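Working notes, beginning with the structure itself.
Keep in mind the model is a prediction, meaning the values are calculated, not measured.
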Amino acid sequence: MNGKPFEVEVKGLDELKAALQQMPHRIRKRAVGKALRAAGRVIRDEARARVPILSEPSKNRRPGVLKRAIAVRRSKIAARQRLVGVFINVRPLKSVLAGTKSATRKAALGPVGANNPNDPFYWRFLEFGTKKMPARPFLHRATSALPKALTIFQERIAKWINETNRSGQVIP
């Protein structure tokens, strides 16, 4: 994005918010969450397509580790405010290990740190650059897929509202 801000204009958002506010929280959370995750996958896929891939493995790096670590994740900040939100970023190895109960898997993935070829900690260096290396942004440039992601979000919400209306639970 070359450090330049960008704008996205979404029409009909106020009407959508009003319709969603009239639904029970649990139903709204599930519907909006599914639609946001579907839209987030579009941006995730764009980021994965743009991420630089290591051409040859080394002792401490394996090709594709960073690409596989880009994920759509639930926003805990939004959840604390009883909202639904997702974000797309690089999932750190420690969060992968936190969800693992298997000692075998933890041993296979190894400890967190620079010497572990399974740890994508270096994504920040690629995205933002260092004193000795220019930035090679892949997450910021993935925002070029925002219009497509917004379209998918709108389609999923509209489909869900129509299905809900057909089933007898009228949503204005």
Side-chain angles (χ1 to χ4, degrees), residues 1-10 29-81 83-157 159-160:
M1 303 296 321
N2 297 340
K4 296 178 184 175
F6 60 93
E7 291 184 22
V8 176
E9 183 178 337
V10 181
K29 180 179 171 184
R30 187 173 71 215
V32 172
K34 285 182 178 182
L36 280 174
R37 283 188 296 278
R41 284 191 292 271
V42 171
I43 297 171
R44 177 203 64 195
D45 293 345
E46 183 68 22
R48 284 181 175 177
R50 292 176 178 268
V51 71
I53 305 286
L54 186 65
S55 58
E56 292 185 29
S58 67
K59 177 184 167 196
N60 296 328
R61 298 286 159 266
R62 278 195 359 234
V65 169
L66 182 55
K67 185 176 187 173
R68 286 188 300 274
I70 299 172
V72 178
R73 301 170 68 194
R74 183 178 59 91
S75 172
K76 292 177 185 176
I77 295 169
R80 283 188 208 119
Q81 298 171 357
L83 300 173
V84 181
V86 297
F87 62 98
I88 296 91
N89 77 341
V90 177
R91 185 180 56 234
L93 182 64
K94 66 181 175 184
S95 73
V96 173
L97 292 176
T100 303
K101 294 182 180 180
S102 166
T104 308
R105 179 163 163 80
K106 285 184 180 183
L109 289 174
V112 175
N115 294 328
N116 185 344
N118 297 311
D119 195 345
F121 77 96
Y122 56 91
W123 74 270
R124 289 177 186 86
F125 306 146
L126 290 171
E127 182 72 18
F128 303 111
T130 66
K131 285 195 316 189
K132 298 179 181 183
M133 180 179 85
R136 295 170 62 189
F138 53 94
L139 287 174
H140 283 98
R141 290 198 176 139
T143 57
S144 65
L146 266 177
K148 183 178 178 186
L150 285 170
T151 302
I152 287 178
F153 176 78
Q154 291 170 337
E155 288 171 358
R156 295 287 174 105
I157 287 292
K159 180 182 172 190
W160 182 82

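Side-chain contact between Pro92 and Phe121: absent, with no pair of heavy atoms (C-beta onward) separated by less than 4.5 Å. Side-chain contact check for Arg37 versus Phe153: every heavy-atom pair is 4.5 Å or farther apart. Inter-residue side-chain proximity for Arg91 and Pro120 is flagged as unmet; no heavy-atom pair is nearer than 4.5 Å. Looking only at side-chain heavy atoms (C-beta outward), Val65 and Tyr122 come within less than 4.5 Å of each other. Side-chain contact between Asn89 and Trp123 is absent, with no heavy-atom pair separated by less than 4.5 Å. The side-chain heavy atoms of Val42 and Asp45, taken from C-beta on, include no pair separated by under 4.5 Å.
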Next item on the list: Report the C-alpha distance between Ile53 and Lys67 in whole Å, list the side-chain angles of each, state the deciding distance to 0.1 Å, and finish with yes or no for side chain to side chain contact (heavy atoms under 4.5 Å, CB included).
Entry: CA-CA 8 Å; Ile53 305 286; Lys67 185 176 187 173; 3.7 Å; yes

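Of all the heavy atoms in Ala142 and Ile43, the pair that sits closest is CB-O, 3.7 Å. Nearest heavy-atom pair, Glu127 versus Leu139, reported as atom, atom and distance to 0.1 Å: OE1-N, 2.9 Å. Nearest heavy-atom pair, Pro63 versus Glu56, reported as atom, atom and distance to 0.1 Å: CG-C, 4.5 Å. The two atoms that bring Arg44 and Ala71 nearest to each other are CD-CA, 4.1 Å, heavy atoms only. Nearest heavy atoms, Ala39 versus Ile152: N-CG2, 4.1 Å. Nearest heavy atoms, Phe125 versus Met133: O-CE, 2.9 Å.
Rounding to the nearest 0.5 Å places CD of Glu46 at 12.0 Å from CD1 of Ile88. The line from CZ of Arg48 to CD1 of Ile70 is 6.5 Å long, rounded to the nearest 0.5 Å. Here CH2 of Trp160 is found 7.5 Å from CZ of Arg30. Values are rounded to the nearest 0.5 Å.
For CD1 of Ile77, the number of neighbouring non-hydrogen atoms (other residues, nucleotides, ligands) closer than 6.0 Å is 12 at most.
Using modelled atom types, no side-chain atom of Thr143 and backbone atom of Leu146 make a donor-acceptor pair closer than 3.5 Å. Gln81 contributes no side-chain N or O that, together with a main-chain N or O of Lys76, makes up a donor-acceptor pair within less than 3.5 Å.
Between Glu155 and Lys159, no side-chain nitrogen of the basic residue sits less than 4.0 Å from a carboxylate oxygen of the acidic one, so the salt-bridge criterion is not met.
In this view, Arg62 and Asn118 satisfy the side chain to side chain donor-acceptor pair (under 3.5 Å) rule, not counting sequence neighbours.
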